[in-house]
Amino acid sequence: MTAIWILALIVGVCALLFYRARAWQWLIATALWVGAGAALGLCGPVAAAILAVVFVLPALFLSIGPLRRACITAPALAKFRTIMPEMSETEKDAIEAGSVWWDADLFSGRPDWRKFASLPAPGLCAEEQAFMDNEVERLCDLSNDWESTQVWQDLPPKAWQYAKEAGFLGMIIPKRYGGLGFSAYAHSQVVMKLASRCSAAAVSVMVPNSLGPAELLLHYGTEAQKNYYLPRLAKGEEIPCFALTSPYAGSDAAAIPDVGVVCRGMHEGRETLGFRVTWNKRYITLGPIATVLGLAFRALDPDHLLGDEDEPGITCALIPTHHPGVVIGRRHWPLNAVFQNGPNSGKDVFIPLDWVIGGRAQVGKGWRMLMECLAAGRAISLPSSNVGYSKIAVRATGAYAAVRRQFRTPIGKFEGVQEALARMAGNLYAMDAARRLAALAVDLGEKPSVISAIAKYHVTERARKVVNDGMDVVAGKGICMGPNNFLARAYQQIPVSITVEGANIMTRCLMIFGQGAIRCHPYVLKELAAARMPDRHAAVRAFDDALFGHLTFVTSNIVRGALHGITHARFSAVPERSAPELHAYYRAANRFSTLLAIAADVSMAVLGGSLKRRESITGRLGDILSQLFLLTATLKRFEDEGRPQPDLPLVHWAAQDALWQAREAFEGVLANYPSRFVAWWMRWKLTPLGLPYAKPSDALGAQVAELMQTPGDARERLIAGSYSPRPEIDGLAYGEIVFQMTPQVSAIEHRLRAAIREGRLPAMPQSLPEFTQWVDRAASLQLLSEDERRVLAQYADYAARAVAVDDFPADFGRLADMRRAQQQAATGEAVTS
């Protein structure tokens, strides 16, 4: 009986911790337990009194709010204020900007799968789908990477004009201002398809819709600013850019040297209040052709013309580029990505106060404005464009691997090639899933600062891997520039995406976990806010709620983590009516969510304010959060698409890869933790049986590679939304055409195997002349019908075009030859290679 009584204590304590019981619940439970022991004679009066002091009295003490706050919370708050990390105003704005969404669940230790299952599937309305099928297709027809980079060094003039006329520059602008009023998902689909055709087209369209002034005007502009600029931006009458980056201040807004001093000056013949601005910016996309310049600068008010502050802070303004004193510099040339990009500057340029976005009320609030609006753009622009690059790589490389033969065998049958193809397809499936989920967050009204950083970093990094693998597969064809090369420009330009909107090293090490640990944690931001409250009484009450909520959060997760460690989370929750074959992945997500929550809290407790300087640790913790997002996005995509069974190899590969990378990140945290005892404790407590998550197997990789090389619905879903040219538009079309013919040709070859075995016909050759002779001989032996002979002849012709590489005159690329090519393009003549 005594053993049962003691066991009841252990189970009860674990249950109270697991369910985050409140102090009064602990009081009742401990009083009942001690009373039951005394009543059943399991402990004497002295023992009962001792147990009451040990268990009941602390629970009673904690249940009395005023006493608890005076004796525990107030001293804890004073100590917390001395050790809390220093935070600049820009860091504070960056952390508090935007919103948290599914990322908060992943950080919680216990994701709410019911909420996750209720999220709608992203989709296009009829108007958006029609735009994709017609206008986007037409703009793709008018542009391609070879002509934009080699002939025009820009988007071709016809494409620019069409983009303006068709409304591409105003997709996010509401219809009442003349824009298209499209959803974030439609915006993402458009950019993705354009990127699968021409990077200059994708960037030229995506910047006005996500990184330009339109977004800021929509959220913060005055009515007069909206009514004037938004219709002009929607029609392409104004080309916008936004100037943030300075030579000595990239992503650190606090270090921006560009200043605007509040003063009075003359504007349009009258004296008015405004700023005298001096700036020097670079890397500004669309800057060389912009007609309106969005500018971020530090506002200074030494004469207090606006208020009591000497430095109101970062401010954003709109300046016409023809305004006196504005200097538009020459172009940058970012790795032959020929979208317009360049520096601009100005010295002592007077602008009226009315040109501040949002007017006087928004002076000094520019950094927060940027953080909130750029988060939405970051969730769409770079993930979408990089998925587009990857889709053309997967489409064309898979077709090439199925058609190109070596040693009388398609190269896609070699295991080494299959490894690369599997990585390409598996990574693309996860990337596209993350893109879709990030765009959905924006459509649901979120400003997803953490999710956008995850999507930007991991999609661009995986795109780099996809394109690199594609280059390895196509080999010589990939390194010979020309119209027939479908990979070279993407390979060349991928580092641009890695660099912009915050270099990926910074995004991984500082933003994902740095923001995630504070924004996604249910209590840390509340504790920081309470510590900054000037009213002591209010601060203590707020800190009390946050502190004890935090303690129950931590202890609950530790209990949960220990149970998961013993059971591998086999009994944890999964979404109702979810695909049974995916349940193991949902449970693994539960486990890693708990591991992340515990590791984050332990790290903040052990390392304190120094944690933000421990970038190797924060980077790995951020990797766990990121892989959880990629994993759950993958699972959601499979459910959204109706659980198509042929796609399961892709789902398994992407899910297993995410879990393996999360495991590697967690092991990396423990292996490099500054406190060896704490690392040992976490390993012993949370992973006593290890983490059973391995890389996708070779057998699974072979299935994925085969899917990538086989015409069918699974491959079409993988590359859905990408551009596939017609032969009359681009010779790259022949690669896809011959790929679609491959099953028919393989069936003919299979039928002729008996004749080959008997020696009447040699094996199907690789070279075009030999292949033609082989077809003629098979026809002469009456082994082929006339239709089959025509199919094989056509296949040989198209295959030769698909594997061809370009060659040029010896003097190609010199100035005279370049001018001749431009003249040919301008007059509509063919640019021959």
Side-chain angles (χ1 to χ4, degrees), residues 145 148-149 155 187-212 241-242 244-245 250-251 282-287 332-342 374-394 423-424 427-428 430-436 438-439 451-471 486-512 626 630 721-723:
D145 271 332
S148 65
T149 57
L155 193 61
H187 175 193
S188 175
Q189 290 288 101
V190 171
V191 170
M192 180 187 71
K193 185 168 182 175
L194 291 176
S196 70
R197 174 59 166 170
C198 176
S199 64
V203 175
S204 300
V205 166
M206 79 186 188
V207 168
N209 286 288
S210 59
L211 310 178
C241 71
F242 196 89
L244 174 62
T245 305
S251 302
R282 65 181 179 186
Y283 311 143
I284 309 307
T285 301
L286 298 188
H332 298 312
W333 208 260
L335 292 178
N336 217 19
V338 295
F339 60 86
Q340 293 285 340
N341 186 280
L374 293 184
R378 189 184 291 116
I380 297 170
S381 299
L382 291 175
S384 303
S385 58
N386 279 262
V387 168
Y389 302 150
S390 300
K391 287 202 173 188
I392 186 59
V394 166
R423 288 193 298 267
M424 292 178 72
N427 277 321
L428 176 57
M431 292 160 59
D432 206 7
R435 174 192 69 88
R436 291 157 55 104
I451 283 177
S452 66
I454 292 172
K456 187 268 178 179
Y457 173 77
H458 285 276
V459 172
T460 57
E461 287 293 338
R462 288 183 182 232
R464 173 153 55 181
K465 295 176 183 177
V466 168
V467 173
N468 282 349
D469 279 329
M471 288 291 285
F486 53 81
L487 268 183
R489 290 307 187 204
Y491 179 80
Q492 192 176 27
Q493 296 166 14
I494 278 289
V496 177
S497 301
I498 301 296
T499 301
V500 300
E501 290 193 52
N504 273 5
I505 290 176
M506 185 202 73
T507 303
R508 173 179 179 263
C509 295
L510 297 180
M511 293 180 65
I512 294 175
S626 298
L630 290 168
S722 59
Y723 176 73

### Query
With sequence neighbours left out, what residues match Arg378 under salt bridge (charged side-chain N to carboxylate O under 4.0 Å, His left out)?
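If we apply the salt bridge (charged side-chain N to carboxylate O under 4.0 Å, His left out) test to Arg378, skipping adjacent residues, the hits are Glu501.
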
### Task
With sequence neighbours left out, write down each residue that passes side chain to side chain contact (heavy atoms under 4.5 Å, CB included) with Ile284, or none if nothing qualifies.
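Side chain to side chain contact (heavy atoms under 4.5 Å, CB included) list for Ile284, sorted by chain: Cys241, Ala243, Lys281, Asn344.
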
Kindly indicate whether the side chain of [X], heavy atoms from C-beta on, has any atom under 4.5 Å from the side chain of [Y].
X      : Y      : value
Ser384 : Met206 : no
Ser497 : Asn386 : yes
Ile498 : Tyr457 : no
Met431 : Val466 : yes
Pro208 : Leu286 : yes
Asp432 : Met192 : yes
Tyr283 : Thr499 : no
Val467 : Leu487 : yes

Compare every heavy atom of [Y] with every heavy atom of [X], then report the nearest pair and how far apart it is.
X      : Y      : result
Pro495 : Leu335 : CB-CD1, 3.7 Å
Val191 : Ser381 : CG1-O, 4.0 Å
Val338 : Ala200 : CG2-CB, 4.2 Å
Val394 : Met424 : CG2-O, 3.8 Å
Leu630 : Ala434 : CD2-CB, 3.6 Å
Gln493 : Asn336 : NE2-O, 3.1 Å

Using modelled atom types and a 3.5 Å cut-off, is there a donor and acceptor pairing between side-chain atoms of [X] and backbone atoms of [Y]?
X      : Y      : value
Ser199 : Ala195 : no
Gln340 : Gly287 : no
Ser722 : Ile392 : no
Ser204 : Ala201 : no

### Message
Just by distance, no angles: are the side chains of Asn504 and Thr460 close enough, under 3.5 Å, to form a donor-acceptor pair?
### Response
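Short answer, yes.
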
### Query
Without hydrogens or angle criteria, can the side chains of Arg435 and Ser188 be said to hold a donor-acceptor pair below 3.5 Å?
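Side-chain D/A pair, Arg435 to Ser188: present.
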
### Task
Apply ring-ring contact (aromatic ring centres under 6.0 Å, His included) to Tyr491 and list each qualifying residue two or more places apart in sequence or on a separate chain.
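Result, ring-ring contact (aromatic ring centres under 6.0 Å, His included) vs Tyr491: none returned.
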
To the nearest 0.5 angstrom, please state how far the [atom1] atom of [X] sits from the [atom2] atom of [Y].
X      : Y      : atom1 : atom2 : value
His187 : Ile380 : NE2   : CD1   : 5.5 Å
Met511 : Ser452 : CE    : OG    : 6.0 Å
Lys465 : Ile494 : NZ    : CD1   : 12.5 Å

### Query
Going through the distances and angles, do Asn427 and Ser390 end up as a side chain to side chain contact (heavy atoms under 4.5 Å, CB included)?
CA-CA 9 Å; Asn427 277 321; Ser390 300; over 6 Å; no

### Trace of the side chain to side chain contact (heavy atoms under 4.5 Å, CB included) decision for Val207 with Phe339
CA-CA 10 Å; Val207 168; Phe339 60 86; over 6 Å; no

